[in-house]
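Input: a single structure, listed below in C-alpha cells.
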Amino acid sequence: MAVSLVSAVVGDAVGLALVAPMLRLVDYSARAEPLHVSIDPLYSLLPLIAGSLLCVLVAVIGGGKQARLASEIPPVEALRQSLAPTRSGRLTTGGWIRLVLLALLVAGLFASVPLQVAHRYKETVSNLLILGFFQIVIWGALLAVVAPWVIQPLTSAWTRWVPSRAPVWLLARATVAARVERLYKSVVPVMFTIGIAVASVGLGASMVDTLAASMADVRLEGSSWESLVMMFGAPLSIALAGGVGALTMMGSQRSADLALAGVVGATPAQRTLIPLLEAVIITGSAALLSLGMVVPAYAFQAWSLTAAGLTYRLNVPVVVGAVAVAICLVVTIAATVLPTLRSQRSPEPRVIMRLVAA
C-alpha cells in the first residue's frame with residue numbers, strides 16, 4: 001500500500017505536468033482546422049484522489065494473496081525458494097484458465113466477422129477496424145500468459161544462431177537460460193512496447209491506405225507524429241516503464257550473479273559486458289515475441305476488411321519498428337547495466353551475502 005500510494009502520487013505529479021504540454025501539442029497539430037478551439041487546462045483534486053486510491057486498491061487486490069501465502073512459509077523454506085532456479089514450461093491453473101478464455105475471445109472475434117458482413121449495418125466497417133486494433137491487446141495478453149512456457153525455447157533458438165564463442169556471450173546466454181523467471185519478467189514489458197508501437201502505427205496506416213483504395217470519395221491523411229504521441233505515448237511509456245521497473249528490481253540478483261562470475265575470474269570489463277549482452281538478448285527475444293502481437297492483428301484486419309468488400313493495402317512501418325527496438329535496447333541496457341556498476345566496487349563475497357541477507 002505504501003509503495004503504490006507513493007507511486008500514485010508521483011504519477012499524479014507527472015500527469016499534472018504533462019497536461020499543459022499535451023494541450024499545446026493538440027493546438028499545434030490542429031492549427032489548420034477551421035473550427036479548432038484552443039483548450040485551457042483545468043485541474044481538479046477529485047480525479048487525483050480517485051485515481052490514486054484506485055491504484056492502491058489494485059495493488060492490494062493483486063498482492064494480498066501473495067502476501068498471505070508468503071506469511072505462511074517458514075523463513076528457511078522461503079530462502080530456499082528464492083535461491084532455487086525457476087522451472088519453465090509449466091502453466092498454473094490460473095494461467096490455463098486465462099489462456100482458454102483469451103483463446104475463446106480470439107475465436108469469437110474471428111467468428112463474428114462473417115456474421116457482421118452477412119448482416120451489414122451502418123457501422124460494420126468501423127467496428128471491424130476497431131476489432132482489428134483490439135487484437136493487439138488480446139494477443140499481447142495471450143502472449144503474456146504463455147511467455148513462461150515459450151520464452152526459454154525461443155531465446156535459446158535464436159541465440160544459438162549467433163556464431164560468437166566469446167566467454168562473455170556464452171556466460172550471458174547461460175545466465176539468461178538459468179534465470180527463466182527474470183527473463184520472462186524482463187521480456188514481456190519490452191514486448192508490449194514494441195508490439196503496441198508497430199501494430200498500432202501499422203494498422204492505422206493500412207487502414208488509411210485501404211479506405212483510400214476502396215472508396216474513391218474518401219481522402220484521408222496519414223497519422224502525424226503529434227497524433228501518434230497523443231494516442232500511443234501513454235501506453236508505450238507505461239509498458240516501457242514496466243520493463244525498467246522489472247529490470248531495476250532484479251539488480252541485486254544480477255549483481256550477485258556477476259559477483260559469482262568475478263569469483264571464478266571474470267574481469268571488470270567482462271562483468272560489464274555480460275549484463276549488456278543480457279539486455280541485447282532481452283530486447284531480441286521481445287522483438288521476436290512481439291511478432292505474435294503484430295502478425296495476428298494484421299491478419300485479422302486484412303481478412304475482415306477483405307470480407308467486407310474492401311481492397312486491402314498492407315503498410316508495414318519498418319522505420320517505426322526499428323526506432324522502437326532501438327529505444328527499447330538503449331533503455332534496457334541502461335536499466336540492466338547501471339544498477340550493477342556500484343556493486344562491482346565491492347568485494348564479491350559481500351555482494352553475494354547481501355543478496356542472501358535480503
Side-chain angles (χ1 to χ4, degrees), residues 22 25-26 28-37 39 101-144 191-236 238-239 290-321 323-324:
M22 288 298 293
L25 185 61
V26 172
Y28 178 79
S29 62
R31 59 191 180 278
E33 297 292 336
L35 301 179
H36 172 66
V37 177
I39 303 175
L101 292 177
L102 288 170
L104 290 176
L105 179 58
V106 169
L109 291 178
F110 272 87
S112 72
V113 173
L115 297 177
Q116 295 187 65
V117 173
H119 303 84
R120 296 181 70 96
Y121 50 97
K122 181 180 179 182
E123 303 296 334
T124 297
V125 174
S126 299
N127 288 336
L128 291 177
L129 289 172
I130 294 173
L131 292 180
F133 282 94
F134 191 42
Q135 293 290 321
I136 304 172
V137 181
I138 298 176
W139 283 95
L142 195 149
L143 287 173
M191 173 203 73
F192 268 103
T193 305
I194 299 174
I196 292 174
V198 176
S200 299
V201 176
L203 292 185
S206 300
M207 175 190 69
V208 171
D209 294 346
T210 298
L211 295 178
S214 305
M215 304 176 184
D217 56 338
V218 174
R219 292 293 180 268
L220 300 175
E221 296 181 358
S223 300
S224 63
W225 69 269
E226 300 97 332
S227 61
L228 293 178
V229 170
M230 288 184 290
M231 293 178 62
F232 306 119
L236 291 178
I238 292 172
S290 68
L291 295 176
M293 298 173 61
V294 177
V295 175
Y298 268 117
F300 182 88
Q301 187 187 61
W303 180 61
S304 61
L305 295 185
T306 302
L310 303 182
T311 303
Y312 187 71
R313 292 289 184 266
L314 179 67
N315 191 321
V316 180
V318 178
V319 175
V320 172
V323 171

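The first residue of the sequence shown is numbered 1, and numbering continues consecutively from there.
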Which residues share a side chain to side chain contact (heavy atoms under 4.5 Å, CB included) with T193, sequence neighbours left out: L236, A239, L240, C328
Counterpart residues, ring-ring contact (aromatic ring centres under 6.0 Å, His included), relative to F134 (two or more places apart): none
Minimum-distance pair of heavy atoms, taken over all atoms of W303 and P114: CH2-CD, 3.7 Å
Qualifying side-chain hydrogen bond (donor to acceptor under 3.5 Å, both in side chains) pairs, either residue in residues 291-300, two or more places apart: none
Heavy-atom side-chain proximity of M293 to I196 below 4.5 angstrom: yes
ring-ring contact (aromatic ring centres under 6.0 Å, His included) involving F300 - partner list, sequence neighbours excluded: F110
Where W139 and G292 come nearest, the two heavy atoms and their spacing: CB-O, 3.6 Å
Set of residues satisfying side chain to side chain donor-acceptor pair (under 3.5 Å) with respect to Y312, sequence neighbours excluded: Q301
Residue list, side chain to side chain contact (heavy atoms under 4.5 Å, CB included) with A141, at least two apart or on another chain: L102
Considering all heavy atoms, the nearest V113-A307 contact: CG1-CB, 4.1 Å
Side-chain touch V208/N315, heavy atoms, less than 4.5 angstrom: no
Rounded distance [0.5 Å steps], CG in L131 versus CD1 in I138: 8.0 Å
Flag if over 12 foreign heavy atoms under 6.0 Å of CD1, I39: no
Atom of I194, atom of S290 and distance for their closest heavy-atom approach: CG2-OG, 3.5 Å
Gap between atom CD1 of I130 and atom CE of M207 - 0.5 Å precision: 10.0 Å
Donor-acceptor pair, side chain of S214 and main chain of T311, under 3.5 angstrom: yes
Any donor-acceptor N/O pair, S206 side chain to L314 backbone, under 3.5 Å: no
Partner residues of A297 under the side chain to side chain contact (heavy atoms under 4.5 Å, CB included) criterion, sequence neighbours left out: Q135, I136, L203
Full working for side-chain contact (heavy atoms from CB on, under 4.5 Å) between Y121 and N127: CA-CA 10 Å; Y121 50 97; N127 288 336; 3.0 Å; yes
Worked verdict on V316 versus V294 for side-chain contact (heavy atoms from CB on, under 4.5 Å): CA-CA 10 Å; V316 180; V294 177; over 6 Å; no
Side chain to side chain, T306 and L310, heavy atoms closer than 4.5 Å: no
L211 backbone acceptor or donor facing R313 side chain under 3.5 Å: no
Sub-4.5 Å side-chain heavy-atom contact between P317 and V198: yes
Partners meeting side chain to side chain donor-acceptor pair (under 3.5 Å) with S112 (sequence neighbours left out): Q116
